[in-house]
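Residue numbers count from 1 along this sequence.
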Amino acid sequence: MTSHAKEAVALGKSGRRIQAWIRGRSLRLAARSQGRDNAMDLAALQNDLPTTLENLYQGCLEQDRARSLSSGNTFPAGEQDKAGLLAGGDMKRSQPLVIQVNRKLKEEEPRASSLPSIPNPFPELCSPSKSPILSSPSAGQGPQCESGSHVVKVFSEDGTCRSMEVTAGATARHICEMLVQKTHALHDDSWSLVELHQHLALERCLEDHESVVEVQATWPIGGDSRFVFRKNFAKYELFKSSPSLFPEAMVSSCLDANKGMSHSELIQNFLNSGSCPEIQGFLHLKEGGRKVWKRFHFSLRRSGLYYSTKGTSKDPRHLQYFADLNESNIYFITHGKKHYGTPTEFSFCIKPYKARSGMKGLKLFCSEDEPSRACWMAAFRLFKYGVQLYRNYQQSQCRPSQQPRISTTPLRSMSDNTLVAMDFSGCTGRVIENPNEALTVALEEAHSWRKKTSHRYSLPTPCQGSPLSTAIHRTQPWFHGRISREDTQRLIIQQGLVDGVFLLRESQRNPKGYVLSLCHLQKVKHFLILPSEEEGQLYFTMDDGQTRFADLIQLVEFHQINRGILPCKLRYCCTGIAL
């Protein structure tokens with residue numbers, strides 16, 4: 001074989017090694033460029049590839065020529081290493097170029113490696129931990145927020161706002177406790193954080209365990225969604241010994257054993273995963289893209305919401321799956337007739353997590369009355385959150401005893417049922433065990449109290465009444481000044497349609513009168529309070545002078561203990577707080 005042929009064979013072997021190197025180099029480049037967002041780095045590597053290959057090709061040719069003898073003969077492949085040793089190390093065998101590749105998974109790569117090399121004009125978009133713009137949620141349970149601080153804005157009823165810096169794991173209960181501490185409000189379990197979508201006329205009360213940052217991340221960027229800090233007395237009313245929120249006609253069970261069941265037993269069935277309670281009834285439904293409301297028979301189960309295509313039939317052939325409880329939230333609709341043309345004002349909405357903005361994806365419902373709407377929404381919460389909702393209630397009940405608060409009124413350590421009648425006329429007090437004697441003592445004390453009150457009325461006062469008695473009520477949290485009847489009903493509905501929720505306001509029809517607005521059986525009732533004058537003394541009454549009060553504070557305090565002419569006692573006052 002001639003020297004030219006041998007050199008051609010050597011060049012062929014070098015070409016095969018170059019092709020193998022190119023193939024390995026391409027695989028390494030693909031691995032290094034995988035998961036990178038910057039296209040400029042990949043282009044730079046591709047432009048640098050021809051120059052690197054050309055240098056490598058020249059180096060391989062020089063090394064192959066160095067292995068050849070001066071006579072033009074080449075060593076066999078097995079004797080090349082021996083020739084290198086005989087040559088004293090002057091001739092070295094060509095070795096493949098070793099490239100250290102730091103392989104990392106896509107999740108382990110630092111975020112800085114994906115940033116472009118040019119200056120970024122919007123650095124806040126590339127640092128999610130410091131950005132006010134949050135990432136979009138994942139399916140089902142919302143976004144997985146990174147560690148760090150987030151800014152949350154909370155509004156009050158009067159429109160004032162407070163910005164708070166919280167961690168990614170801050171819950172609605174933590175936010176409420178922080179606001180109560182900052183505003184020096186009276187701490188109780190009725191303070192809530194409300195999610196409000198003004199453009200959709202939707203609002204809902206966040207559960208105590210929900211992450212505020214995750215909820216905020218689901219809002220559309222640049223929208224008018226906000227958090228509102230307000231009272232919600234109906235948040236845990238379903239766990240209290242109150243009239244049942246679930247009418248018997250709307251509750252059914254696969255065992256048909258719920259008839260005659262108490263309220264507490266029914267709640268236990270809802271919380272027990274082994275039982276199968278079900279809420280059923282007719283609802284008006286507005287289909288997507290249509291203006292017509294149709295009436296269907298719905299069934300709310302633990303697995304989801306269904307409607308029947310044939311009357312009230314529950315046959316599996318006639319039931320259609322309509323909504324998933326775990327992938328959506330339920331909202332009140334405010335001003336439903338104005339925004340959606342609802343048949344009644346008792347409407348609500350099921351909003352899926354994936355519905356970010358607009359009406360697309362919303363499922364609108366309308367019930368016949370407020371009790372049925374409250375039943376549907378309470379069952380939705382129980383089916384979705386289950387035992388977690390009851391744990392929140394237990395924690396809210398234990399919190400006031402663990403965190404003592406300072407109040408202007410003394411707290412009773414025992415209920416009214418444990419109080420007994422006492423006689424302190426002698427040297428020592430004694431318990432009055434005879435009921436007739438206790439009644440006589442109570443009547444005597446009441447007669448004595450009336451004498452003291454009449455003596456106070458007989459004191460010389462101006463004809464128009466004391467300025468203090470006519471203005472002292474303006475300092476009370478339950479007095480809301482001159483607000484309309486519609487605003488009063490809206491405020492009471494927002495803070496919970498619970499028996500005993502009330503407020504006082506100035507009458508719009510009678511310039512000298514006042515109105516006591518009270519919630520009873522999920523309806524708002526209004527009672528007119530008129531001032532009257534007798535023997536130069538001003539007093540207030542709601543029953544044409546049969547029961548008289550020196551001022552409005554005395555009137556409210558009396559009806560907080562005694563029902564009087566009202567359908568129930570005054571329990572919770574509607575109040576707002578400025579942030």
Side-chain angles (χ1 to χ4, degrees), residues 201-205 232-240 242-252 258-259 261 263 266-267 270 277-287 292-301 305-308 311-312 322-323 330-351 362-383 485-502 517-527 566-568 571-572 574:
L202 303 179
E203 64 177 40
R204 76 176 181 98
C205 176
N232 183 16
F233 300 103
K235 182 167 61 172
Y236 294 123
E237 192 67 17
L238 64 151
F239 295 120
K240 300 178 181 179
S242 60
S244 178
L245 295 173
F246 306 99
E248 293 185 3
M250 296 183 63
V251 182
S252 64
N258 63 307
K259 295 183 178 180
M261 191 177 297
H263 178 72
L266 182 60
I267 294 298
F270 274 106
E278 180 180 324
I279 300 298
Q280 60 180 4
F282 284 96
L283 287 173
H284 296 274
L285 170 66
K286 184 176 181 181
E287 299 180 358
V292 180
W293 289 80
K294 294 185 178 181
R295 193 167 179 260
F296 293 95
H297 189 269
F298 283 86
S299 298
L300 182 61
R301 302 175 179 177
L305 181 64
Y306 302 82
Y307 73 95
S308 177
T312 60
F322 190 73
I330 191 166
Y331 293 79
F332 280 99
I333 299 180
T334 59
H335 308 291
K337 290 186 177 181
K338 177 181 178 181
H339 287 82
Y340 302 104
T342 57
T344 66
E345 287 291 353
F346 313 107
S347 52
F348 60 96
C349 169
I350 294 181
K351 182 176 179 290
L362 300 183
K363 297 176 175 60
L364 307 177
F365 302 91
C366 188
S367 58
E368 298 294 340
D369 50 20
E370 181 60 36
S372 61
R373 178 172 72 167
C375 178
W376 286 105
M377 301 191 71
F380 187 97
R381 295 174 60 201
L382 286 172
F383 279 140
R485 188 186 187 98
E486 292 76 13
D487 292 339
T488 300
Q489 295 189 194
R490 176 187 56 82
L491 186 59
I492 294 179
I493 291 174
Q494 286 179 350
Q495 298 197 11
L497 290 175
V498 179
D499 289 356
V501 178
F502 75 99
S517 300
L518 173 67
C519 177
H520 178 63
L521 297 179
Q522 298 182 345
K523 293 183 180 180
V524 182
K525 302 180 180 180
H526 307 274
F527 301 88
L566 301 178
C568 62
R571 296 173 57 193
Y572 311 109
C574 282

If we only count heavy atoms from C-beta on, is the [X] to [Y] side-chain gap below 4.5 Å?
{"X": "Leu362", "Y": "Lys286", "value": "no"}
{"X": "Phe380", "Y": "Ile350", "value": "yes"}
{"X": "Ser372", "Y": "Met250", "value": "yes"}
{"X": "Leu285", "Y": "Phe322", "value": "yes"}
{"X": "Ile330", "Y": "Met377", "value": "yes"}
{"X": "Leu364", "Y": "Trp293", "value": "yes"}
{"X": "Cys568", "Y": "Phe502", "value": "no"}
{"X": "Tyr572", "Y": "Phe233", "value": "yes"}

Test the Arg373-Phe346 pair against the cation-pi criterion, namely NZ or CZ under 6.0 angstrom from the six-membered ring centroid and within 45° of the ring axis. no
Arg301 NZ/CZ over Phe383 ring centroid, <6.0 Å and within 45° of normal: no
Assign the ring pair Phe296 / Phe298 to parallel, tilted or perpendicular, where the plane angle (0 to 90°) is split at 30° and 60°. perpendicular
Provide the closest heavy-atom pair for [X] versus [Y] in the form atom of the first, atom of the second, distance.
{"X": "Ala249", "Y": "Gln280", "value": "O-NE2, 3.9 Å"}
{"X": "Lys337", "Y": "Pro343", "value": "CE-O, 3.7 Å"}
{"X": "Asn232", "Y": "Cys205", "value": "ND2-SG, 3.4 Å"}
{"X": "His297", "Y": "Gly311", "value": "CB-O, 3.4 Å"}
{"X": "Lys240", "Y": "Tyr236", "value": "CG-O, 3.5 Å"}
{"X": "Cys375", "Y": "Pro247", "value": "SG-CD, 3.9 Å"}

All salt bridge (charged side-chain N to carboxylate O under 4.0 Å, His left out) counterparts of Glu345, not counting sequence neighbours: none
Kindly write out the residues that satisfy salt bridge (charged side-chain N to carboxylate O under 4.0 Å, His left out) with Arg204, not counting sequence neighbours, or none if the list is empty. Glu195, Glu210
With a 3.5 Å distance limit and no angle check, can you tell me whether [X] reaches the backbone of [Y] through a side-chain donor-acceptor pair?
{"X": "Ser367", "Y": "Leu283", "answer": "no"}
{"X": "Trp376", "Y": "Pro371", "answer": "no"}
{"X": "Arg490", "Y": "Thr334", "answer": "no"}
{"X": "His284", "Y": "Glu368", "answer": "no"}

Give the intermediate values and the outcome of ring pair (Phe, Tyr, Trp, His ring centres under 6.0 Å) for residues Phe246 and Phe270. CA-CA 11 Å; Phe246 306 99; Phe270 274 106; 5.0 Å; yes
Run the side-chain contact (heavy atoms from CB on, under 4.5 Å) check on Val251 and Ile279 step by step: do they pass? CA-CA 5 Å; Val251 182; Ile279 300 298; 3.8 Å; yes
Between Ser517 and His526, do the side chains contain a donor N or O and an acceptor N or O under 3.5 Å apart? yes
Can you confirm whether the side chains of Glu278 and Ser299 place a donor and an acceptor under 3.5 Å from each other? yes
Roughly how far apart are Phe527 CZ and Leu518 CG, rounded to 0.5 Å? 6.0 Å
How many angstroms lie between NE2 in His335 and OG in Ser347, if you round to the nearest 0.5 Å? 11.0 Å
Decide yes or no on side-chain contact (heavy atoms from CB on, under 4.5 Å) for Glu237 and Phe239, but give the supporting numbers first. CA-CA 5 Å; Glu237 192 67 17; Phe239 295 120; over 6 Å; no
The side chain to side chain contact (heavy atoms under 4.5 Å, CB included) partners of Leu497 (sequence neighbours excluded) come to Glu370, Ile492, Ile493, Cys519, Gln522, Val524
Residue pair Arg571, Val498: steps toward the side-chain contact (heavy atoms from CB on, under 4.5 Å) verdict: CA-CA 9 Å; Arg571 296 173 57 193; Val498 179; 4.1 Å; yes
Applying side-chain contact (heavy atoms from CB on, under 4.5 Å) to Lys363 and Cys349, what does each step give before you reach the verdict? CA-CA 6 Å; Lys363 297 176 175 60; Cys349 169; 5.8 Å; no
